[in-house]
Amino acid sequence: MKFDTPATTNPIDQLKVVGQPVDRIDGPLKTTGTAPYAYDRHDVVANQAYGYVLGSAIPKGRIISMDLAAAEAAPGVIAIVTAGNAGKLAKGSRNTALLLGGPEIQHYHQAVALIVAGTFEQARAAAHLVRVNTARAQGAYDLAAQKDSAPVAKSTSGGGSAESAVGNFAGAFASAPVQLDATYSTANESHSMMEPHATVAAWDGDQLTVWTSTQMVGSTVDDLARTLGIAKEKVRVVSPYIGGGFGAKLFLRSDALLAALGARAAGRPVKVSLTRALIPNNTVHRSATIQRLRIGATRDGNITAIGHENWSGDQPGGKPEAAAVPVRSLYAGPHRMTANRLAVLDLPEANAMRAPGEAPGMATLEIAMDEMAEKLGMDPIEFRIKNDTQVVPDHPAKPVSQDPQSRVPQEKPNPHPPFSKRQLVECYRVGATRFGWNKRNPRPGQVREGRWLVGIGVASALRNNLLTKSAARVRLDRRGIVTVETDMTDIGTGSYTIIAQTAAEMMGVALDKVVVRLGDSSFPVSCGSGGQWGGNNSTAGVYAACTRLREAVAQKAGFNPNEAVFAGGQVRFGSRSVSLAEAAGDRGLVAEDFIEYGDLDKRFQQATFGAHFVEVGVDAATGETRVRRMLAVCAAGRILNPKTARSQVIGAMTMGVGAALMEHLAVDKRLGYFVNHDLASYEVPVHADIPHQDVIFLDETDPISSPMKAKGIAELGICGVAAAVANAIYNATGVRVRDYPITLDKLLAGLPVAM
Ligand code: MOS
């Protein structure tokens, strides 16, 4: 099904099942500990051996020699895989550094060997007997030091242009009556999902199966086949349950590749989990950024010039974090510039983490807006509302060129497309009332409750809505059960549940008559989970397949498919009705289709919006910040399930608090690695850190986005949160911290002296 005109009324609009806050259908499996995660797959294949990944002890240089003899002779060792004996491996299309290093070493903890043994302990013990003789090379590990030589990139990690320009930014900024020019920084961050990367791999002749933990089954098949140099048809990837990913599991990682290589070398199935201490340096992280914001405005608060420059780091061949991209869509202003620069660093590979671009970009932009409002003497919400825009004010400096081969005259894209729906102002109005914004004292450092300095802050949230093809298959059996199959994943988000709701609504059956099977490459290829596109696109794919199944059912019953009504497990036409079970017959009915999109995402900017409100208390004596209350008001299209959506948003808000106050991979700039590579020293918020969170969804449907009229929610919830916390801390203390995370050492000097 091609979706290229805005949706009209369709069966989803009944909202009998879709839009209801139903419990997760996979909840009982999760709460009883019986959901089969990758490392738990003892059941799928017999005789599993254990692989232990050995990471490089140097960040850059060469392996001169490896002495494997002692390890090979150690108890239980079956095989040792290295780049020297693994055979020819191609680089995957999505990873920048090689997943198995050697002789060249590209980063610390890059895998250099997999030791396979009968038990995990035997493999680990043997790994310590491998002698790796290396020659260390000079590397670059300090973003600030490399910043000035960093060129503007060709494109960002999001694929768009890295720079943009409208009007005359320099001139307009120079002549603006009120100016802000401030530089901010955000930290290197680790996804820190609960389930580590893990895989069981088995070969049956030349056929490989991996039971793994990946957000994107289709691209994992592609990249495993490409790296191993085998046909895609020879690879099956199974990933039905995933204990979080946040972007860390978007692409093939070393556990799956090395498990496959280990199983080939050992001649038996091999399971590999990355240890927690390996994950931050072996896999991917969100790059630190340095960002310069310049805003010029008239005295009455109209932005005339806005410039956002961003520096981030990555391996050679990598792409910059798109932190200076969201500013292109957020506020009005005639003169604008953005630039995303990439410093080449020899730290581990940077890549997407929840709301790549927006999360760090809005963490700084939204402090700058708070600072500018203060300079103007305006309320920070009123300043944002005054500069709201219903069209995209910015556009890339070099528009993506049209196909020169094309003979079809192409319509020139609108450089300032309208938003399909934009309710940012409404988010602020609703939130201000609910949160009690009018109680905020605009003068910082004035509200004291005992030892606590109390403050309130606000920030905008923006995250784009991405459209991507997604397929599904649906079966109706003779018991009237509807079974959905798609390689879509559920990374803890609720995919199982919203897909079941979609199929139930479309086929007119109760939720318990729907079975959902996900995460297997033998099922039709879906959009996968990432970029908050999973909810809208995967359910739209199920909508397309169910539309086909409805046609098949109606045809079987002899009804006009456009007029047949599906309800109560029956299909009705006029006064006649047939049960779905009967229509399915003994052989059942099956239909498959996909959703694909036209150019509605070019004619309209599709995005989700929100406003975050935060109240903090800062201990006047110690500088310790405690978040006291949080509220997110979100406008994100139709909410398919308010319970799972709320859960996504509060999780994202919590992660935003982590970015604001705690999360920081510390770089050893001499030795070139992330020092605090475990969850003892890399801190993330826990329940006790977040006493009260509230989420409001504005009533919204977006017929431009898909037949579901939904968008995404899982990344919107983090965008802007860090800035709302920072702004609340400023309001509480009068100390403006521009360097995340806002740890107490950065506040102490500005606090009143305790008596
Ligand atoms: Mo998301 S960072 O695309 O999993």
*Does a side chain donor of either S706 or N536 reach within less than 3.5 Å of an acceptor in the other side chain?*
yes
_side chain to side chain contact (heavy atoms under 4.5 Å, CB included) between T547 and Y543, worked out_ = CA-CA 6 Å; T547 302; Y543 172 96; 3.7 Å; yes
*asked:* Can you confirm whether more than 12 heavy atoms, excluding those of D512, are under 6.0 Å from its CG atom?
replied: yes
*Calculate, to the nearest 0.5 Å, the distance between atoms CD1 and CG belonging to I499 and N641 respectively.*
12.5 Å
*Please name all residues satisfying salt bridge (charged side-chain N to carboxylate O under 4.0 Å, His left out) with R24, sequence neighbours left out, ordered by chain then number.*
none
*Salt bridge check: are R473 and D593 linked by an N-O gap of less than 4.0 Å?*
no
*asked:* Please determine whether the number of non-hydrogen atoms from other residues, nucleotides or ligands lying under 6.0 Å from atom NZ of K513 exceeds 12.
replied: no
*Does a salt bridge link K421 with D702, judged by any charged N lying under 4.0 Å from a carboxylate O?*
no
*So do the side chains of T743 and L661 get within less than 4.5 Å of each other, counting heavy atoms only?*
no
_From CA spacing to verdict: side chain to side chain contact (heavy atoms under 4.5 Å, CB included), E371, I367_ = CA-CA 6 Å; E371 295 199 52; I367 299 181; 3.7 Å; yes
*Between T214 and T212, does any side-chain donor sit less than 3.5 Å from a side-chain acceptor?*
no
*Point-to-point distance, once rounded to the nearest 0.5 Å, from CG of N731 to CG of N441*: 7.0 Å
*Name all pairs fulfilling the salt bridge (Lys or Arg N to Asp or Glu O under 4.0 Å) condition that reach into residues 8-21, sequence neighbours left out, sorted by first residue then second.*
D13-R638, D13-K709
*Among all residues two or more places apart in sequence or in another chain, which pass the salt bridge (charged side-chain N to carboxylate O under 4.0 Å, His left out) test with R517?*
E485
_R463 vs E715, test: salt bridge (Lys or Arg N to Asp or Glu O under 4.0 Å). Steps then yes/no._
CA-CA 7 Å; R463 173 72 185 165; E715 295 188 330; 2.7 Å; yes
_Pairwise side-chain contact, I12 with P707, heavy-atom cut-off 4.5 Å (strictly under)_ = no
*Do N537 and Y597 have side chains that get closer than 4.5 Å, going by heavy atoms?*
yes
*asked:* Under 6.0 Å between ring centres: does that hold for Y496 and Y241?
replied: yes
*Is the number of heavy atoms from other residues, nucleotides or ligands within 6.0 Å of CZ (R434) greater than 12?*
no
*If we only count heavy atoms from C-beta on, is the V516 to M488 side-chain gap below 4.5 Å?*
no
*asked:* Quick check: do P685 and M662 have side-chain heavy atoms less than 4.5 Å from each other?
replied: yes
*Is the closest basic N to carboxylate O distance between E382 and R429 below 4.0 Å?*
yes
*T608 pairs by side chain to side chain donor-acceptor pair (under 3.5 Å) with which of E700, Q532, Q423?*
Q532
_Carboxylate-amine/guanidinium contact E449 R628, below 4.0 Å_ = yes
*Taking the six-membered ring for Trp, are F609 and F419 parallel (under 30°), tilted (30 to 60°) or perpendicular (over 60°)?*
perpendicular
